[in-house]
Amino acid sequence: MAALTTEQKLELYYWMVLTRTFDERMVSLWKQGRGIGGTFSERGHEAVSVGSAYALAPEDIIAPMHRDIGACFLRGLSPRRVFANLLGKETGVTRGRDVNIHGMGDLRLGIVGYISHIPMSMPIALGVAMSLKLRKEPRVAMTYVGDGGSNAGLWHETINMAALYRAPYVLIVENNQYAYSTHVSQQMSIENIADRAAGYNIPGVIVDGNDVEAVYEATKEAVKRARQGEGPTIIEAKTMRMMGHAIHDGAEYVPRALLAEWEKKDPIDRYTEKLLAGERMDRVALDEIRQRAEVEIEDAIEFAEASPLPDPKMVETGVYAP
Ligand SMILES: Cc1ncc(C[n+]2csc(CCOP(=O)(O)OP(=O)(O)O)c2C)c(N)n1
Ligand SMILES: [Mg+2]
């Protein structure tokens with residue numbers, strides 16, 4: 001497999017930094033009472049969402065979860081539209097129909113809106129993959145699920161069918177060790193979710209979810225297999241949910257030592273270190289990327305806050321698919 005170029009590495013860095021900047025600003029807005037309802041942080045997940053989506057071609061389709069906004073940005077969903085959505089504005093992705101990460105899809109960008117009922121994005125993405133296969137289009141559907149969502153019956157039914165029909169399907173399991181307040185050890189009797197792949201006669205790969213290049217390489221391989229008609233792959237990205245389940249949750253039930261341990265493995269700090277020390281990149285180039293991300297996110301917040309709320313008369317439009 002061809003090694004990543006310097007330009008590509010800087011792109012990975014940019015998308016992760018943009019995602020983190022978005023996340024930090026979102027959390028602070030909500031803490032200031034400027035948000036509406038709840039919201040989910042994806043702090044710690046940046047390498048998973050960015051590294052995986054970077055391996056796709058523009059014509060591929062993703063069905064993301066609530067901690068995959070990085071993948072959505074990479075596919076062209078703008079921070080302006082995302083913030084506007086979170087603030088319930090007319091200019092948001094759902095035009096104020098939903099003030100959450102849910103439903104924030106845009107089929108023109110190959111993003112199926114997040115289907116809140118876990119793990120419902122999995123069978124929906126399989127439907128997409130099957131339609132691509134039936135139409136003999138060399139495109140791939142990729143979806144995401146958590147450790148918690150991996151214990152639902154539908155997870156198994158979907159993987160079984162995807163394997164049986166050799167669907168062009170990639171499943172990214174985000175094992176961030178908690179499903180709400182439940183640790184993985186209280187959810188399942190196995191250590192590696194990827195081991196379940198053997199039961200469906202498909203590859204199951206474990207990857208360091210805080211290493212963006214490792215996630216990218218593993219996904220690239222899975223996407224290649226899927227595109228060549230060799231069927232699905234399960235990629236289990238081991239990571240850590242660094243905040244509570246949602247903004248209201250202080251995650252007091254997570255041992256502080258565990259968080260401290262994962263803080264040292266922060267995906268962006270690690271990549272910064274790698275680019276500076278390993279690749280001998282210029283710190284100024286990385287600082288410029290951070291500044292660019294900050295400007296973009298500030299602009300998005302200003303845009304969202306200045307945008308109008310939807311006209312109540314339009315409440316019935318755009319609710320059902322035509
Ligand atoms: C069928 C269903 N039950 C409950 C919920 C509420 N819920 C949303 S996310 C979540 C926890 C999911 O944990 P996990 O799959 O590990 O993903 P994570 O939040 O850790 O990224 C729960 C219980 C839901 N969305 N759908
Ligand atoms: Mg989880």
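Note that ligands are numbered from 1 as they come in the structure, with each ligand's atoms numbered from 1 the same way. Treat the numbers as computed from the prediction; the structure is a model and nothing was measured.
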Answer yes if the side chains of [X] and [Y] hold a donor-acceptor pair under 3.5 Å, and no otherwise.
X	Y	result
Gln187	Asp147	yes
Tyr54	Thr219	no
Thr239	Asn176	no
Tyr200	His156	yes

Worksheet item: Short check: is a protein heavy atom less than 4.0 Å from atom 11 (C) of ligand 1?
Response: yes
Practice prompt. Output yes when a protein non-hydrogen atom is found under 4.0 Å of atom 5 (C) of ligand 1, and no otherwise.
Written response: no
How far is [atom] from its nearest protein heavy atom, and which residue and atom is that?
atom	value
atom 26 (N) of ligand 1	Ile118 N, 3.2 Å
atom 15 (O) of ligand 1	Gly149 N, 2.9 Å
atom 24 (C) of ligand 1	Ser116 O, 3.7 Å
atom 14 (P) of ligand 1	Gly148 N, 3.5 Å
atom 17 (O) of ligand 1	Gly146 CA, 3.8 Å
atom 21 (O) of ligand 1	Arg67 NE, 2.9 Å
atom 23 (C) of ligand 1	Tyr180 CD1, 4.6 Å

Do NZ/NE/NH1/NH2 and the carboxylate oxygens of [X] and [Y] come within less than 4.0 Å?
X	Y	answer
Arg43	Glu24	yes
Arg139	Glu59	no
Asp208	Arg270	yes

Worksheet item: Quick one: is the NZ or CZ of Arg292 closer than 6.0 Å to the six-membered ring centre of Tyr14, and within 45° of its axis?
Response: yes
Item to complete: Answer yes or no on whether Arg196 is positioned over the face of Trp155, meaning its NZ or CZ is under 6.0 Å from the six-membered ring centre and within 45° of the axis.
Response: yes
Worksheet item: If you draw a 6.0 Å radius around CG in Asn201, do more than 12 non-hydrogen atoms from other residues or ligands fall strictly inside?
Response: no
Discussion item. Looking only at the aromatic ring of each residue, does the gap between the centers of Phe83 and Phe303 stay below 6.0 angstrom?
Written reply: no
Can you tell me if an N/O/S atom from [X] lies under 2.8 Å from the Mg ion (ligand 2)?
X	value
Tyr178	yes
Gln177	no
Asp147	yes

Item to complete: Quick one: pull up CD1 in Ile289 and CD in Glu11 and give me the separation to the nearest 0.5 Å.
Response: 9.0 Å
Test your reading of the structure: does [X] have an N or O sitting under 3.5 Å from an N or O of ligand 1?
X	answer
His117	no
His45	no
Tyr178	yes

Discussion item. Distance under 4.0 Å to a non-hydrogen atom of Asn176: what atoms of ligand 1 satisfy this?
Written reply: 18 (P), 20 (O), 21 (O)
With heavy atoms only and a cut-off of under 4.0 Å, state how [X] meets ligand 1: side chain, backbone, both or neither.
X	value
His245	side chain
Phe40	neither
His66	side chain

